[in-house]
Every structure is written in C-alpha cells, then in structure tokens.
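Note that the structure is predicted; figures quoted are calculated from it, not measured.
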Amino acid sequence: MGARSGKEYINNLKSLKPVVYLNGQRVPDVTEEPIFAGPIRSIAEQYDLQLDPRYVDVCTYKSPTTGDRVARSFQVPKSKEDLIAIRRALKLRSDHNFGMMGRSPDFMNAFVLGLMNSADNFAELDPRFGENIRRYYDYIRENDLFMTHVLVNPSIDRSKTSAAQEEPFLHLGRVRETEEGIVVRGAKMLGTMAPLTEELVVVPFGGVAPGDDNYAVVFAIPTDTPGLKFICRETVAPAGRNEFDHPLSARFEEMDCIAIFDDVLVPWDRVFADGRDGSRDVVNKSLAPSAGIVMVTTSRGLSSLEFLAGVATKLADTVAIDGVLHVQEKLGDLLWKLDGLRAMYYGAEAMASEMPDGTWVPYLPGLGALHMHVRPLHREMIETIQILSGGNFFYAPTKADFDNAETRPLIDRYVRGRPGVDAEERVRIFKLAWDVAGDGFGQRVQQYVTYYSGDPVRMSAGYYLRADKTDLHAAVARAMEGSAAALDIPLSPEVVRMTPPPPPTKEVTGAYPADSHPSSR
C-alpha cells in the first residue's frame, strides 16, 4: 500500500470500533463526533501533504522491501544526506500544524523505528520478540497507520511500586499467558489522540522498579481490540468552533485519554516483552529516546517557537508598539534566542557521524540542548504575547459580528490597527494570540511542552549525569598544570563522537521514585 491519503486514513478509521467514552457517553463512530472533526481533518491533511506533488519527494522515500513510496519518518539514515532528507520532511510536517500537535504521525513512526533498532535487546528475552518488532515496523511502514502510545502508570500512590499498590493490577501488568498470547489488565496513560488512531503501542517508559517484572510488558494492538477502553478528558475545544474565532483550537485539539485494559488478550505476534522474569532489565535498557524521536521532537519544538515569535512580532507591528524601546528589547531577546536554537538544530547535521552499524545520527547533545531550551523559551514567548496583548484580547469581535451589517461598519472604524491594518486583520491576529496564549487550548499545549518529556528537574539532573565531561575536565587539568602544558592543546576532532554517553553512574535522587515521568503526577 505505502503512503496513504487523508481519505484513506479516514475511511479506515471509520471501519474501526474502539470503545471511547467522551463526556460520559460512548462514541459509536469517532469520525462522526463533532469534537473530533478538526483534529481528524488536520491528521488527514498530514497524510495528504506527503502525496502532494510539491512535497512527495520530501515526505516519502522508496520502501526497501516493496519499492512503494512510504513516509520518510520510517527511513533508516545511511548517510548525512539521508539525515538532511529526514529533517526536511519532519520540519515540513511540523510547520503544517505550527508545532501545535505533538502526536502527529511522524512521532510514532520514529518511535517504532526506535523499537526496531532495539530488537536485539528484546530478543534476549525471547527470539520471537525481536522478530515481532521487526515485522511490526515493516507492517506499520507499509500500511502507513496512525499510532499513539501509552507510557506511564496512573498516579495513585507514588510512594509504592506497581506490585505494591493497593490492588495488583491498578497499573497495567501481565495477568497470565495462554497459547494465543498474554492477558493484561490495568491502566496506562496518557493516550494522546488515542480515539483517532488505529494502533496503540504500550511501553512502561520511565523505568520499571525492582520486583515489577510482571509490569514490564511491551506490545502493540489495534485500538479496537476487545477489552480495551479509552476515557477522554474534557475537551479544550468545544464542538462548533470556527477557524475565524479559534484559528488553532478548531483544528489542532489533541484529545488525551486514559487507557483501561480489561483482561485484554495480546497475540504472541504482537508481544515484544511479556513480563516474564528478566523483562525489567531488558525494558529498562531498551527504551531510551532514539535519534529519530529526538529529531521529531526538536522539529516540533522549533516550529512552535518560530510560530510564537511570529505572533509576538506581528502583534507589536499591528498596533505600532514596535517602536517602543522596551518592546524592542523583549522581542529582540526572543529572536536572538530563537536564532541560537536554529543554529543548534541545523548544526546537528554538520556534526553528524556514522555509527558502527553504518547508520548516521545527528549531533545528539546539541539536539538535546535544544530540547531543554524549548520549554523555558516557550513559556517566555507566551508571557511576552500576553504582555503585548494586554487588554486587546478582551474586545475582539466575533465572526458573527463581522457578518452583521449593523455592527460591521462600527468594527471597521473602531477596531482597526495602525495605518494599513484593517479591522479584520487586527482581530484575526489577536484571536490567534488568544488561542495560543489565553485559551484552554494554549494552556494545554504549554503544559504538554513543559512536561511531556519528563519532570524538568530530573531532566536537567539527568542531562548533567549523562554528559561526557572528559574534554571539559582536560581543559581544567591543563590550566592547573600551568606553563608545563601551555602548548599541549588537543585539536578539535574532525568527527564528533556521537554514541550516546553511558547511563549515569549516580542516580537522580529526590521525589517520585517509582518512575520519573510527570504524566503520572
């Protein structure tokens, strides 16, 4: 089949019958639910984008097994040129939604590619599991299915491991095995976009505690597998929103769910780790973020920051406050920080290197640093938009007001911007700003950006513990030796070592010992 169109995605989604609860009601057909209309359309656009004649060579490549065009986010990079081609595709599709959708298809495509790269680790448990992962990667790539994952345990009693909870299967774990597969029971979160996906990948990300081998299960199943249920949060974009009044939330609301597994049978060919003794060690060493995931997340992060910087500068221009010194300072701060992150993003390709297996990776420490910068700069940009907007948020007329013959002339006269900016343009920019900086949609995005990769404190501590400090300490040693080592200066390496640093020798101490992912807080 290869790369699909948006229509093919919607048709297949309509054929599925997942158990989805929204506002206390079972949703019989997710494609007919008004709350899901905008995001379904946006995901369909992502699929259409890869078949657009202008972008097909950017977004797809030829499958190594069938020769069909498949999504480039599945590609295993064999050269620096491959890395550049993958980056171009990821950035293009991130720019489509302005970095507002964390669970677009490319994210999980890269996630499954990362699992495939760890297939040998899973084969240590059982040779079948490594082969299952490889077959699953081929299956998803050739059928271009839309996936999500559930990673973390519900936050019930964070002082206890999964096995020590009040009930044995509050957290998702293996109940038993049969000839057909394993039976699992319990809950996992956070299933972003789960009702609109076709496949669910389950992993215990964030680390499995000692004694919790039964909870170290990794598998993938269709979203309409019997016994699987999704309970949605309240929407931040109620049905009926139009794109004039809500230009972002009407299109990009990503529904989040808790996934409940009521004795779900996972067939053996979909099992990657089955919770047997030894599963914990294999899972813990196999689920570090892959280079592909880092490329996807940094592409999304950069797209979102570029968009927010555009909103902030456009606001200032619209009402002619960009001549004020302190406004220029605020905007200048945003722009030089943004340009620094651009240098990290594109410079990672210049510092790319070949791994022992012949694959290529970008400079991961640079992309990791970019990723760490996105969270605080996103918050700073949102605050700047709020400051620049001031009370202008609160008197933006609606589309219905513009359509009313009585109110339109008043709006045109009194709600316009600086010379050359009419009322409609002025209102549109402030509605865009409200959607991203004031509305519940924007607050959900900010919360997502802050926490989706982990507890920020633990992330920074882990960054320190994982960092290779050899060169830094060598410079200190030369300084301490004085003139005896004045000319003993090492040349910068032609190729920067790209292998990820070893796991930290010291544990990150502090709160949340059971697992470090903030979604369970």
Side-chain angles (χ1 to χ4, degrees), residues 50 55 57-64 70-95 99 104 106-120 137 141 286-306 337-374 453 459 462-463 466-472 474 490-503:
Q50 66 185 357
Y55 308 123
D57 289 334
V58 175
C59 292
T60 67
Y61 74 110
K62 289 186 178 180
S63 165
V70 294
R72 192 166 302 270
S73 43
F74 288 111
Q75 185 173 4
V76 177
K78 297 294 186 179
S79 65
K80 184 180 290 189
E81 289 71 28
D82 285 349
L83 280 179
I84 294 172
I86 293 167
R87 183 264 300 160
R88 292 180 68 210
L90 298 179
K91 187 62 166 58
L92 176 68
R93 296 224 282 190
S94 293
D95 286 345
S104 59
D106 286 331
F107 178 87
M108 286 304 298
N109 294 355
F111 189 91
V112 170
L113 173 59
L115 282 178
M116 193 271 291
N117 290 335
S118 297
D120 288 344
Y137 162 76
R141 183 191 64 207
S286 303
L287 294 178
S290 66
I293 282 292
V294 174
M295 291 177 69
V296 171
T297 55
T298 52
S299 296
R300 185 207 59 76
L302 184 58
S303 291
S304 69
L305 295 179
E306 289 173 336
K337 290 172 183 175
L338 175 62
D339 280 336
L341 298 193
R342 283 173 167 158
M344 292 181 188
Y345 181 72
Y346 295 104
E349 293 165 1
M351 300 174 70
S353 64
E354 186 176 9
M355 302 295 284
D357 63 358
T359 62
W360 278 69
V361 292
Y363 182 57
L364 294 178
L367 291 183
L370 188 163
H371 181 65
M372 297 294 289
H373 279 290
V374 167
S453 288
M459 287 175 63
Y463 196 94
R466 288 189 298 271
D468 184 351
K469 298 174 276 289
T470 305
D471 293 342
L472 304 180
L491 291 172
S492 298
E494 291 295 323
V495 178
V496 178
R497 182 174 61 83
M498 287 306 308
T499 53

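The two atoms that bring Ser299 and Tyr345 nearest to each other are OG-OH, 2.7 Å, heavy atoms only. For the residue pair Pro362 and Ala352, the shortest heavy atom distance occurs at CA-CB, 3.9 Å. For Asp106 against Val296, the heavy-atom pair with the smallest separation is O-CG2, 3.8 Å. Contact between Ile293 and Phe107 at its shortest, heavy atoms only, is CD1-O, 3.3 Å. The nearest pair of heavy atoms linking Tyr61 to Ala71 is CE2-O, 3.3 Å. The shortest non-hydrogen separation linking Ala110 to Ser290 is O-OG, 3.8 Å.
Under the side-chain contact (heavy atoms from CB on, under 4.5 Å) test applied with Leu367, the options Thr298, Val361, Thr297 reduce to a single match, Thr298. A side-chain contact (heavy atoms from CB on, under 4.5 Å) with Val70 holds for exactly one of Gln75, Gln50, Arg141, Lys62; it is Arg141.
A salt bridge does not link Lys80 to Glu349: none of the charged side-chain nitrogens sits closer than 4.0 Å to a carboxylate oxygen. With respect to Glu354 and Lys78, no salt bridge is recorded, no charged nitrogen being found less than 4.0 Å from a carboxylate O.
Remark: the backbone N or O of Ala89 is not paired with any side-chain donor or acceptor of Lys91 at under 3.5 angstrom. The backbone N or O of Ile86 lies less than 3.5 Å from no partner atom in the side chain of Arg72, so there is not a single donor-acceptor pair.
Scored by the ring-ring contact (aromatic ring centres under 6.0 Å, His included) test, Phe74 finds no partners at all (sequence neighbours excluded). Residues satisfying the side chain to side chain donor-acceptor pair (under 3.5 Å) test with Asn109, not counting sequence neighbours, are Ser73.
Ser353 and Tyr363 share no side-chain donor-acceptor pair at under 3.5 Å.
Contact of the Met459 side chain with the Met372 side chain is registered, since non-hydrogen atoms from C-beta on lie closer than 4.5 Å. Between Trp360 and Asp82, the closest side-chain pair of non-hydrogen atoms is not below 4.5 Å. For the pair Leu302 and Glu306, the minimum side-chain heavy-atom distance is below 4.5 Å. Between Tyr55 and Arg93, every side-chain heavy-atom pair lies at or beyond the 4.5 Å cut-off.
Atom-to-atom distance recorded for Leu338:CG and Leu305:CG is 6.5 Å, nearest 0.5 angstrom. With rounding to the nearest 0.5 Å, the separation of OG in Ser286 from CG in Asn117 is 11.5 Å. With rounding to the nearest 0.5 Å, the separation of CD1 in Ile84 from CD in Glu81 is 6.0 Å. Distance check, rounded to the nearest 0.5 Å: CG of Leu83 to CE of Met295 gives 5.5 Å.
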Passes side-chain hydrogen bond (donor to acceptor under 3.5 Å, both in side chains), Thr359 versus Asp357? Steps please.
-> CA-CA 6 Å; Thr359 62; Asp357 63 358; 2.7 Å; yes
Test side-chain contact (heavy atoms from CB on, under 4.5 Å) on Val76 and Tyr137 and set out the steps.
-> CA-CA 12 Å; Val76 177; Tyr137 162 76; 4.1 Å; yes
